[in-house]
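Reading through the structure tokens given below for one structure.
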Amino acid sequence: MTSITLPQMSTETLPPVIELTGVTKSYDGAVQALRGVDLRIHQGELAAIVGPSGSGKSTLLNLIGTLDRATTGRVRVAGHDVGALSDARLSALRARHIGFVFQHFHLAAGRDAVDNVADGLLYAGVALKERRARARTTLESVRLGHRLNHRPHQLSGGEKQRVAIARALVGDPDLLLADEPTGALDTASGEIVMELLHELHRAGTTICVITHDNEIADSLPRRIRVRDGEIVSDTTGVRA
């Protein structure tokens with residue numbers, strides 16, 4: 001993973017990685033999952049999107065991650081208008097600019113840590129030897145240099161999640177989206193994963209954590225609270 005050293009400036013002076021303007025999302029023409037959402041996430045931010053089940057945070061994740069399209073309004077990712085892109089170009093945008101980390105890891109059971117991470121470069125046109133070399137470097141950056149040849153069943157839950165984070169980071173994306181990254185972990189493993197996310201943020205990675213856990217949200221520099229399809233608060237500053 002290539003580290004970025006950010007200049008000492010407010011993140012708001014940097015270009016937005018994610019920009020939503022007047023975004024709505026409805027299903028079957030009736031269910032309003034999002035209602036007129038405006039949101040910017042800037043380069044170098046570490047933010048939580050937090051809310052209870054049914055609040056709209058998962059729908060927001062799908063729109064930010066370009067896994068779904070807004071009903072109305074505009075979604076821009078890394079400067080690209082998502083609504084104006086074909087499905088093929090949208091897939092390319094997602095592969096190049098967004099790294100995903102999921103609650104349940106989604107690792108290939110029969111492949112070791114190196115190949116699981118190297119798979120994150122499958123659609124980037126990178127040769128196998130280079131993919132594996134970059135995977136090893138990225139695994140070392142998440143403190144798994146001693147587990148390169150281990151398969152998922154040989155790893156702890158926290159180690160599996162760090163492999164998943166390495167896979168998300170190996171392509172050096174503009175944005176890391178972490179969906180309930182500690183939800184399947186014990187407390188100690190969860191703390192290690194959150195510590196790693198803070199380290200990645202200090203190195204310049206833009207990270208958005210989607211969670212229902214207020215304790216995790218309160219530990220992050222920015223908290224975007226969602227309820228009934230709307231952003232009800234957007235605050236900065238880590239709470240004591």
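Considering every non-hydrogen atom in both Arg131 and Ala118, the closest pair reads CD-O, 3.5 Å. Here the shortest heavy-atom pairing between Ser26 and Thr71 reads N-OG1, 2.9 Å. Pro181 and Leu197 make their closest contact through CG-CD1, 4.3 Å (heavy atoms, listed as atom of the first residue, atom of the second, distance). Taking all atoms of both residues into account, the shortest heavy-atom contact from Asn149 to Gln154 is O-OE1, 4.2 Å. Residues Leu196 and Ser141 share a closest heavy-atom pair of CD1-O, 4.4 Å. Closest approach of Leu63 and Val75 over heavy atoms only: O-CG1, 3.8 Å.
Residues Leu67 and Ile41 are members of one and the same hydrophobic cluster, defined by side-chain heavy-atom contacts under 4.5 angstrom among Ile, Leu, Val, Met, Phe, Trp and Tyr. Clustering ILVMFWY residues whenever any of their side-chain heavy atoms sit less than 4.5 angstrom apart, transitively, puts Leu185 in the very cluster that holds Leu144. Cluster membership check: Leu46 shares its hydrophobic cluster with Leu176, using side-chain heavy-atom separations under 4.5 Å among Ile, Leu, Val, Met, Phe, Trp and Tyr. Note on Val193: it does not cluster hydrophobically with Ile210, by side-chain heavy-atom contacts below 4.5 Å among ILVMFWY residues. Under the 4.5 Å side-chain contact rule for hydrophobic residues, Leu175 and Leu200 do not share a cluster.
The CG atom of Leu61 sits 10.5 Å away from the CG atom of Asp68 when rounded to the nearest 0.5 Å. Distance OG1/Thr187 to CD1/Ile192: 11.5 Å, rounded to 0.5 Å. Here the OG atom belonging to Ser58 is positioned 10.0 Å from the CD1 atom belonging to Ile49, to the nearest 0.5 angstrom. The CZ atom of Arg96 lies 9.0 Å from the NE2 atom of His80; values are rounded to the nearest 0.5 Å. Atom CD1 of Ile98 and atom CG of Leu93 lie 5.5 Å apart (nearest 0.5 Å). Taking CD1 from Ile18 and CD from Glu45, the interatomic distance works out to 11.0 Å, rounded to the nearest 0.5 Å.
Applying the ring-ring contact (aromatic ring centres under 6.0 Å, His included) criterion to Phe100, with sequence neighbours excluded, gives Phe102.
Between Ile64 and Leu177, some side-chain heavy-atom pair lies under the 4.5 Å cut-off.
Between the side chain of Ser91 and the backbone N or O of Asp87, at least one donor-acceptor pair lies under 3.5 Å.
Checked by atom type, the side-chain pair Arg69/Asn62 shows no donor-acceptor distance below 3.5 Å. A donor-acceptor pair shorter than 3.5 Å can be found between the side chains of Arg94 and Thr66.
With respect to Arg143 and Glu159, no salt bridge is recorded, no charged nitrogen being found less than 4.0 Å from a carboxylate O. The residues Arg74 and Asp81 are annotated as not salt-bridged, no charged nitrogen and carboxylate oxygen being separated by less than 4.0 angstrom.
With Arg132 as reference, Arg136 is the one residue of Arg136, Lys129, Arg134 to meet the side chain to side chain contact (heavy atoms under 4.5 Å, CB included) rule. The side chain to side chain contact (heavy atoms under 4.5 Å, CB included) test with Arg223 singles out one residue from Val209, Asp234, Asp218, and that residue is Asp218.
Around CG of Asp38, the count of heavy atoms belonging to other residues, nucleotides or ligands within 6.0 Å exceeds 12. Annotation: Arg227, atom CZ; neighbour count of heavy atoms from other residues, nucleotides and ligands within 6.0 Å does not exceed 12.
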**OP:** Assess whether side-chain hydrogen bond (donor to acceptor under 3.5 Å, both in side chains) is satisfied between Arg35 and Thr24, documenting all intermediate values.
**Re:** CA-CA 5 Å; Arg35 307 166 185 266; Thr24 71; over 6 Å; no

